[in-house]
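Take a look at the structure set out below.
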There are 2 protein chains.
Amino acid sequence: MPPTPAVPHGKRPTLADVAARAGVSTALVSIVMRDAKGAGAATRERVLEAAREIGYRPDTRARLLRSHRSHLLGVQFGLQHPFHSDLLEGIYAVAEPAGYQIALSAVAAGRGEQRATDALLADRCEALILLGPQAPAARLAELAGQLPVVSVARRLRGTAPGVEVVRTADDEGARQAVDHLVALGHRDITHIDGGRAPGAADRRRGYRTAMSRHGLADRVHILPGGLTEEDGATGAHALLDATPLPTAVLAFNDRCATGVLDTFLRARVSVPDQVSVIGFDDSHLARLAHINLTTVGQDIPRLAELAVGRAIARLEGERTPTDEAVVAPHLVIRGTTAGPA
Amino acid sequence: MPPTPAVPHGKRPTLADVAARAGVSTALVSIVMRDAKGAGAATRERVLEAAREIGYRPDTRARLLRSHRSHLLGVQFGLQHPFHSDLLEGIYAVAEPAGYQIALSAVAAGRGEQRATDALLADRCEALILLGPQAPAARLAELAGQLPVVSVARRLRGTAPGVEVVRTADDEGARQAVDHLVALGHRDITHIDGGRAPGAADRRRGYRTAMSRHGLADRVHILPGGLTEEDGATGAHALLDATPLPTAVLAFNDRCATGVLDTFLRARVSVPDQVSVIGFDDSHLARLAHINLTTVGQDIPRLAELAVGRAIARLEGERTPTDEAVVAPHLVIRGTTAGPA
DNA sequence: TCCAATTGCTAGAACGTTCTAGTGAACGAG
DNA sequence: CTCGTTCACTAGAACGTTCTAGCAATTGGA
């Protein structure tokens, strides 16, 4: 049986209401609600009882208006990125036990990053965690001038001083993918890249250097792509138009790889018999059995932990020089890679 | 060139700072910032200039602490539901132009619905929009006693008085799917259901009545399922074990249907040649060309518009009796349905 | 010309918390 | 018995806004 709220709508109970009912001062109620020391056991019980009876809940906005600390971490994420959802799960899991609340702000169709961060700032977040931000480095630097900022999955090489970076070693991931393909016997490996997307430049570079290291510098072939299925499909079409096909394709991410798979399927190009395909992210998509994509997995719990950790460290006064935290990826071999025909 | 913030960290500029710089009272700055009337053109400009110079931003928490209205809508959503992401896009698009802000609270692995709604209440939201809530009706009724509550995609027949419901006509959607299959010549149509998931009961019922209406009551076959790929795969395995196969499968949603497709693919059961498959939601997944799933589409923009609209209507004092808003779905025919072999 | 209405602005009290600085009372040590 | 300490508690001032009055100057109608 849910406790019937004493006050139906509109007015919610306040500290003063509880105080009146328990016959104590508001200050004491505040102490009890925060579980701070300075209240006797009996009174404490009486106050809690009163609070329960009238259905009191502390008002976080008023609370953090007064206390200088807000213990609020603002997180900006993209609604259409499953990868961000996964990161958010991890972020909640780390932040709440550490005593920090999360304020979310989504980037969506008619709602750009500026709008998203503005909302977070207006909410008095103490620090910002930006998932794959696309904003210009100058904007990030500006934000970092106001509060600690952590960029996840977007590299910023000195262009945005003060911004903490947490990212996967994208170049290393691309290298693992190429190594795997070469070990299978592939030599003609095309990379459909991510354009200006976060991480794309590193993956491109990792692909290039890995190819060179295997003596395949002259076989480097990069097609412009992007981070959606459509980008992958476009890239695959370009490959089909300009025969001969490579024997393997390294796509920017899983969504892109899915577009590639799809296009090949419709063109009756068999994967992995004729062409091997590798994605990046190890998203849910990749794990679906009938996609069953070989991919480079990111260590999401670790990324989340680091992101929250860096933000909190900066808040608690740590003054380490800005520094990148780089997390190693790992290849997940599934069914879309095999030796060349 | 971003404006250099006068105050580096910690202290953010307040109304008082702007007032001092512009040589006016804080009240007047407040007026200007809210774009309210009561300030002269020249002073208005001077105040805005001062605000810009020191990088002032209004503090929403303090703002809504004072004003009784908060114009804040709390939205609870599931991180792992692409359908919720789509709804959120629509909700932002409707709410912000209407002058309402959105506070998000996610349901994730270690963070149940209670936690999610508690956070929203503590943030002083004026109304709650719950996407596919799973909480017991009693809990929803309790919430509805405190503030307007809109449940999206979860039907509540009188069990939670005061809760507004916005939903798709799930039974109608299932009917459309069955009609389509029957028109193609199918008679053995199995439904893999959604168990206790929101909407599942209606889809089940729609399937049943549609079958009856076509004189196929004795062919009704319902397998227990759920809302993930895994549930679909489990159902499909059950079908494979108990031959003969039906000629068509209606899955609870697109993810479930994807699991079915996958299992069939691995068992070398050809879709749609041997078995037709229909999903529900018309998610991004269904649109992927190599999934290319025939599915029942929900009118997401309309659902979002209604959800926000009902919440706002209740807030602005409308006292219409609680009532369901039901949105018609529409069949999207793609490549996973054809006539039976 | 005089009173009313309008305009442009300000002082000061809210809002619901937390924090600082107390006040008594009880206690233990000398 | 006296003094310092601890303990349980309270009064009242913040925090950064908005809101209600109200004031002085200007305008306008008769």
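In this text, all values refer to a predicted model and were calculated from it rather than measured experimentally. Here is the naming used below: chain letters follow the sequence lines, and residue numbers restart at 1 for every chain.
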In whole angstrom, give the distance that lies between atom [atom1] of [X] and atom [atom2] of [N].
X	N	atom1	atom2	value
Leu15(A)	dT18(C)	CG	P	6 Å
Asp59(B)	dC15(C)	CG	C1'	13 Å
Arg63(A)	dC15(C)	CZ	P	19 Å
Ile31(B)	dT17(D)	CD1	P	15 Å
Leu28(B)	dC19(D)	CG	P	15 Å
Leu72(B)	dC15(C)	CG	P	20 Å
Leu64(B)	dG16(C)	CG	C1'	11 Å
Arg61(B)	dA14(D)	CZ	P	23 Å

Is any side-chain heavy atom of [Y] closer than 4.5 Å to one of [X]?
X	Y	value
Phe77(A)	Ile129(A)	no
Arg196(B)	Gln134(B)	no
Tyr92(B)	Leu104(B)	yes

Using a heavy-atom cut-off of under 4.0 Å over every strand shown, decide if [X] touches base, sugar-phosphate, or nothing.
X	result
Gly40(B)	sugar-phosphate
Arg44(B)	nothing
Ala39(A)	sugar-phosphate
Thr60(B)	nothing
Arg69(A)	nothing

Could you pick out which residue, Thr26(B) or Ala16(A), lies toward the 5' side of DNA chain C when each is mapped onto its nearest nucleotide? Thr26(B)

Between Ala62(A) and Gly23(B), who's closer to the 5' end of DNA chain C by nearest nucleotide? Gly23(B)

Return no unless some side-chain N or O of [X] is found under 4.0 Å from OP1 or OP2 of [N].
X	N	result
Thr14(B)	dC15(D)	no
Ser25(B)	dT10(C)	yes
Ser30(A)	dT18(C)	yes

Among dT18(D), dT17(C), dG16(C), which nucleotide has an atom closest to any side-chain atom of Leu65(B)? dG16(C)

Between Arg66(B) and Ala27(A), who's closer to the 5' end of DNA chain D by nearest nucleotide? Ala27(A)

Test: [X] and [Y] ion pair at under 4.0 Å:
X	Y	result
Arg66(A)	Asp59(A)	no
Glu49(A)	Arg46(A)	no
Asp123(A)	Arg124(B)	no
Asp118(B)	Arg111(B)	no

For a side chain to side chain contact (heavy atoms under 4.5 Å, CB included) with Gln76(B), tell me which candidate from Leu131(B), Leu128(B), Val152(B), Val107(B) qualifies. Val107(B)

To the nearest 10 degrees, what angle separates the axes at the start and end of the helix from dT1(C)-dA30(D) to dG30(C)-dC1(D), five pairs each? 40°

